[in-house]
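Okay, structure first, notes after.
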Amino acid sequence: MKTAEERWLYIITSKKKLIDFNFREIWRYRDLLFLFVKRDIITLYKQTILGPLWYLIQPLFTSLIFTLIFNNLAEIPTGNGIPNFLFNLAGITAWNYFKECLVGTSDTFKKNESIFGKVYFPRVIMPMSVVVSNLLKFGIQLLVLTGFYIYYIKFHTPKFNISPSVDIIFFPVLIIFMALLGLGIGMIISSMTTKYRDLTFLVQFGVQLLMYGSAVMYPMSYFEAKLPKYYWLIEWNPIAIIIESFRGMVLGTDPLDIQKIIYAIIISCLIFILGLAIFNKTEKSFIDTI
């Protein structure tokens with residue numbers, strides 16, 4: 001006598017594990033995942049004048065503003081003979097990917113309620129598509145960073161001390177855990193906004209504050225020297241550790257702090273697991289509360 005699981009290909013039920021990442025089911029819906037990725041990429045700048053050029057304009061203008069305000073006016077040093085603009089561009093490039101993953105997944109339930117209410121598919125595919133589509137934007141911005149990197153090496157080598165670290169081989173690992181951290185926080189916020197709508201208005205403001213506390217426009221050593229009493233706020237911020245490590249790999253500013261990297265990886269995994277558990281619990285009944 002066959003069981004229900006053996007008789008049917010799919011069994012849709014609200015009874016599922018709290019932490020359930022069904023890779024087999026996600027693989028079956030891989031075409032849908034890529035469809036959502038395509039939708040995110042095409043529709044974002046579909047009716048804009050400059051289109052995908054915004055991928056390039058935003059980090060360049062932000063880095064230029066940071067260089068003028070924080071380095072030229074506030075005289076915040078980048079240290080180790082690194083050009084200010086390149087330092088800021090590296091930080092913005094890493095931060096943008098984390099921010100887009102967080103913000104893009106923070107309103108998953110609210111933005112897709114019409115789809116979720118009509119057809120079944122693994123709900124986690126939706127935030128996953130945001131992470132994958134933003135990976136393309138991140139790749140484009142990495143090419144911009146690489147272009148300026150080559151420019152400074154070729155034309156300003158005597159003035160600046162730029163060289164990639166051997167630790168750059170761990171770069172893909174760093175990106176994976178940056179994505180997991182943004183995805184985890186985004187899923188937690190998305191689950192909470194199904195009941196508390198006003199959290200949506202706080203996300204952008206909160207992300208801006210987080211940027212200033214994540215060593216995007218200054219080295220962590222500068223914050224330690226200026227505000228040693230509050231340095232722990234930056235020192236144990238996992239995204240600050242990841243961004244600082246990213247710059248260290250690309251620009252060769254500082255060697256990797258293995259202990260802090262392991263700490264950031266553990267925190268990223270824990271936040272992702274927590275976010276997945278809350279997301280799975282919320283998806284059972286969100287349609288009744290949203």
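Predicted model, so just to flag it, every value in this text is computed and none were measured.
Note: the hydrophobic cluster containing V130 does not contain V203 (ILVMFWY, side chain heavy atoms under 4.5 Å, direct or indirect links). Under a hydrophobic-cluster definition in which Ile, Leu, Val, Met, Phe, Trp and Tyr are linked whenever side-chain heavy atoms come within less than 4.5 Å, directly or via other members, M178 and V173 are assigned to the same cluster. Cluster membership check: M192 does not share its hydrophobic cluster with F205, using side-chain heavy-atom separations under 4.5 Å among Ile, Leu, Val, Met, Phe, Trp and Tyr. Follow the hydrophobic side-chain contacts under 4.5 Å out from L73 and you never reach F87; the two are in separate clusters. In the hydrophobic clustering of this structure, F61 does not group with L143; members are Ile, Leu, Val, Met, Phe, Trp, Tyr whose side-chain heavy atoms approach within less than 4.5 Å, directly or through other members.
The side-chain heavy atoms of Y231 and M220, taken from C-beta on, include a pair separated by under 4.5 Å. Considering only heavy atoms from C-beta on, F98 stays 4.5 Å or farther from I243 through its side chain. In this structure, the side chains of W95 and V207 come closer than 4.5 Å at one or more pairs of heavy atoms. With contacts defined as side-chain heavy-atom distances shorter than 4.5 Å, the pair L60/F85 qualifies.
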Hey, mind stepping through T105 and S190 against side-chain contact (heavy atoms from CB on, under 4.5 Å) and telling me if it holds?
-> CA-CA 7 Å; T105 57; S190 179; 5.9 Å; no

Quick one: do I189 and L102 satisfy side-chain contact (heavy atoms from CB on, under 4.5 Å)? Show the steps, please.
-> CA-CA 9 Å; I189 296 173; L102 192 162; 4.0 Å; yes

Where do R39 and L35 land on the side-chain contact (heavy atoms from CB on, under 4.5 Å) test, with the steps shown first?
-> CA-CA 6 Å; R39 180 200 66 175; L35 183 64; 5.8 Å; no

Trace of the side-chain contact (heavy atoms from CB on, under 4.5 Å) decision for F177 with I267 | CA-CA 9 Å; F177 288 102; I267 294 298; over 6 Å; no

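The line from NZ of K260 to CH2 of W236 is 6.5 Å long, rounded to the nearest 0.5 Å. To the nearest 0.5 Å, the span separating OG1 on T193 from CG on L202 amounts to 11.5 Å. Taking CD1 of I185 as the reference point, atom OG of S106 lies at 11.0 Å (rounded to 0.5 Å). To the nearest 0.5 Å, atom CG of residue N71 and atom CG of residue N88 are 5.0 Å apart. Taking CD1 from I278 and CE from M187, the interatomic distance works out to 9.0 Å, rounded to the nearest 0.5 Å. Rounded to the nearest 0.5 Å, atoms CD1 (I271) and CD1 (I188) are 6.5 Å apart.
Not a single salt bridge (Lys or Arg N to Asp or Glu O under 4.0 Å) links E100 to another residue, sequence neighbours left out. In this view, V132 and V37 satisfy the side chain to side chain contact (heavy atoms under 4.5 Å, CB included) rule, not counting sequence neighbours. Residues meeting the salt bridge (Lys or Arg N to Asp or Glu O under 4.0 Å) test with K99, sequence neighbours left out: none. Partners of Q141 by side chain to side chain contact (heavy atoms under 4.5 Å, CB included), not counting sequence neighbours, listed by chain and number: Q58, P59, T93, N96. Partners of I65 under the side chain to side chain contact (heavy atoms under 4.5 Å, CB included) rule, at least two apart in sequence or in another chain, are I69. With sequence neighbours excluded, the residues satisfying side chain to side chain contact (heavy atoms under 4.5 Å, CB included) with I168 are P164, F171, M249.
A pairwise comparison of heavy atoms in F170 and L256 identifies CD1-CD1, 4.4 Å as the closest pair. Looking at every heavy atom in both residues, R247 comes nearest to G91 through NH1-CA, 3.6 Å. Taking all atoms of both residues into account, the shortest heavy-atom contact from I241 to A264 is CG2-CB, 4.1 Å. Closest heavy-atom contact between I125 and L33: O-CD1, 3.7 Å. Heavy atoms only, all atoms of each residue included: S63 and L89 are closest at OG-CA, 3.2 Å. Contact between Y218 and Y212 at its shortest, heavy atoms only, is OH-O, 2.7 Å.
Y151 and F148 have perpendicular rings, their planes meeting at more than 60° on a 0 to 90° scale where under 30° would count as parallel.
Under 3.5 Å, the side chains of N84 and T67 contain no donor-acceptor pair of N or O atoms.
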